[in-house]
Structure formats: structure tokens, C-alpha cells
Amino acid sequence: MRGKSKKASGAKELLSKVDPAKLPRHIAIIMDGNGRWARKKLLSRIKGHEKGIDAVRDVVEACREMGIQYLTLYAFSVENWRRPASEVNALMRLLRNYLLKERDNLLKNEIRLKAIGDLDRLPENVRETLFKVIEDTKGGEKMTLILALSYGARWEIVKAALRIARDIKEGKIKEEEVNPDVFSSYLTTAPFPDPDLLIRTSGELRLSNFLLWQLAYTELYITPTLWPDFTKEDLIQAILDYQERERRFGMTSDQISELHAKR
Ligand code: FPP
């Protein structure tokens, strides 16, 4: 069997093991390892990011096919601005090209694009393209693709706290009304459910300032695979692993079984 068709049949076989009733509603991914992938191949870091975009395409397509409703990709952190200007510029160029190229595909597949992060810091041409694709795809109801760009969870939490303080001062809400649900509604992720599954590639065991509030009860899946090598099969494997987990949200196993029995 030739490489590609062998891979496709592997994915098909894995897919048949997925329980469609227990799919994660929202998957978030820390796409890490583009630089190491490139170094291993004696290529420039930019080539690693370019190959990373192919993996983005594959994963978006796979999530859409499987019926995942929300996919959040950590594409550029607020800390990434500290990288050499040449790499930042290349990432911005790649991001804009991706948006220009992907627009029609997103429309065709009824995928709605959204973005979270300090978007004002993006170069004007990237911001314009991003807002245009967000506007053009806003009717997409099959899946929501959320790009975290210039995103940092601590930045987001501080911003939410400041907005709550302002609203209390202006009498829009009362201090005693502030609870975790209200707090969530002030975050940039307010329209989306919290992620059920977080995937991190390249084996690093940290959250890197990503969705710190929203990941409170998220199942974590860390794979040594570098992001450019991450395939549809890796994604299915992560989902299968997730489906084996018992999510208790602080309750006991017995309570969870009772809840399931009542449904
Ligand atoms: C981490 O690899 C990856 C990034 C900082 C950027 C991720 C960007 C892409 C996959 C391409 C653009 C994305 C979209 C959605 C168009 P790293 O550079 O930190 O790798 P390293 O840790 O091995 O050096």
C-alpha cells in the first residue's frame, strides 16, 4: 500500500473507534514545535511555521468533518512579540496569506472565523484582512474557528477585572453580583463554551499563558509530536484518549454515574 492511502485507511480505522455521542464540543490547541521541526531538518524556522500552516489546514478540515463545534488555535502569543523582528514579520505575513487563501474554503465549509487577543497590536493589513474574513464568514454555523492572536491569558484576565471594576463604578452591576459566570462573561471568550480538550504538541508540560481561566476543568493531552508533523490521526488519537476519561468536575465517580443514568 502506498504511503498516503495507508495513512488515509489508518485514519479511517481510528475514526471508526470514535464515539460520536462523546465528542469534545470545544478543542483548543497549543501548536508548538515548529522551530524544532525545522532545526531537525536543517531548515529555517520560517519553513517550520510554513509547514505548521499545512497542519492547521488538516486539523481544521478534520474537526469540521468530525463535527467538532469549536476549535481554538494558539497562533501567536502576546509573548511572541519578543521574537526577532524577522520571525514576527514572517509569522504576520504567513497569517495574512493563510486568511486570504482560506477565506473561500471557510465559507464553503460554513466555518465561522473568530479571533481573541490584543488584536490592536496586529499590523494594520493583517487586522484588516482578519476582520474582513471574520465578517465574511459570520454566517458559518457548522463550526467556529477561533484564532488566538497576540493573546495572553493574564492580559485577558486583567482586562476583564478592569472592565468589571468600571461597570461596578458606573452602577451597571453590583459588586455582590460578580461570580465566576459573570467573570467569564467579561472575557474575550464569553461567546464560546470552555474547551473540553486541550492538546499541546512537542511535549512541553505547561500552559504558556493560554486560556488560564477557561481551562479549569479541561482535559489535557500532551503529545511529543511536533506541530508540523501533527496529523488527522494524531487528532483522532487525542479524541479517543479524551473519550476514555471520566470528567468529574469536582464530584465523585458515583455522582457522575447517577447523573448519566438520569439523562
Ligand atoms: C510554536 O512553535 C508556534 C508558533 C509560535 C506559531 C504557530 C503558528 C503557526 C502554526 C502558523 C500560523 C498559524 C495560523 C493559524 C495561520 P515554536 O516556534 O515556538 O517552535 P519551537 O518551540 O520548536 O521553537
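Ligands are counted one by one from 1 in listed order, and the atoms in each one are counted from 1 as well.
Scanning the protein heavy atoms around atom 12 (C) of ligand 1, the nearest turns out to be Ile53 CG1, 3.9 Å. In this structure, atom 20 (O) of ligand 1 lies nearest to the protein heavy atom Gly35 N, 3.0 Å. The protein heavy-atom contact nearest to atom 5 (C) of ligand 1 is Asn80 OD1, 3.6 Å. In this structure, atom 10 (C) of ligand 1 lies nearest to the protein heavy atom Asn34 ND2, 3.4 Å. Counting protein heavy atoms only, atom 6 (C) of ligand 1 is closest to Ala75 O, 3.3 Å. For atom 3 (C) of ligand 1, the closest non-hydrogen atom of the protein is Met31 O, 3.1 Å.
Tyr151 is not connected to Leu162 by any chain of hydrophobic side-chain contacts under 4.5 Å among Ile, Leu, Val, Met, Phe, Trp and Tyr, and they are in different clusters. Using a 4.5 Å cut-off between side-chain heavy atoms of Ile, Leu, Val, Met, Phe, Trp and Tyr, with links allowed through other members, Leu149 and Leu187 fall into different hydrophobic clusters.
For the pair Lys138 and Glu135, the salt-bridge criterion is met [side-chain N within less than 4.0 Å of a carboxylate O]. The pair Glu176-Lys174 fails the salt-bridge criterion, with no side-chain N (NZ, NE, NH1 or NH2) lying under 4.0 Å from an Asp/Glu carboxylate O.
Atoms of ligand 1 lying under 4.0 Å from at least one heavy atom of Tyr98, given by number and element, are 16 (C).
One option in Arg36, Arg83, Lys101, Glu79 has a heavy atom closer to atom 18 (O) of ligand 1 than any other, and that option is Arg83. Looking at Lys40, Glu50, His49 and measuring to atom 4 (C) of ligand 1, the nearest heavy atom belongs to His49.
Side-chain contact between Lys41 and Lys47 is absent, with no heavy-atom pair separated by less than 4.5 Å.
Checking each of Ile27, Ile222, Leu211, Leu207 against Leu198 for a side chain to side chain contact (heavy atoms under 4.5 Å, CB included) leaves exactly one that passes, namely Leu207.
With a 4.0 Å cut-off on non-hydrogen atoms, Arg45 touches ligand 1 through its side chain and not its backbone. Heavy atoms of Trp227 found under 4.0 angstrom from ligand 1 belong exclusively to the side chain.
For the ligand labelled ligand 1, residue Asp32 lies inside the 4.0 Å heavy-atom shell.
A side-chain donor from one of Ser150 and Trp81 sits under 3.5 Å from a side-chain acceptor of the other. In the model, Asn89 has no side-chain atom that pairs as donor or acceptor with a side-chain atom of Ser86 under 3.5 Å.
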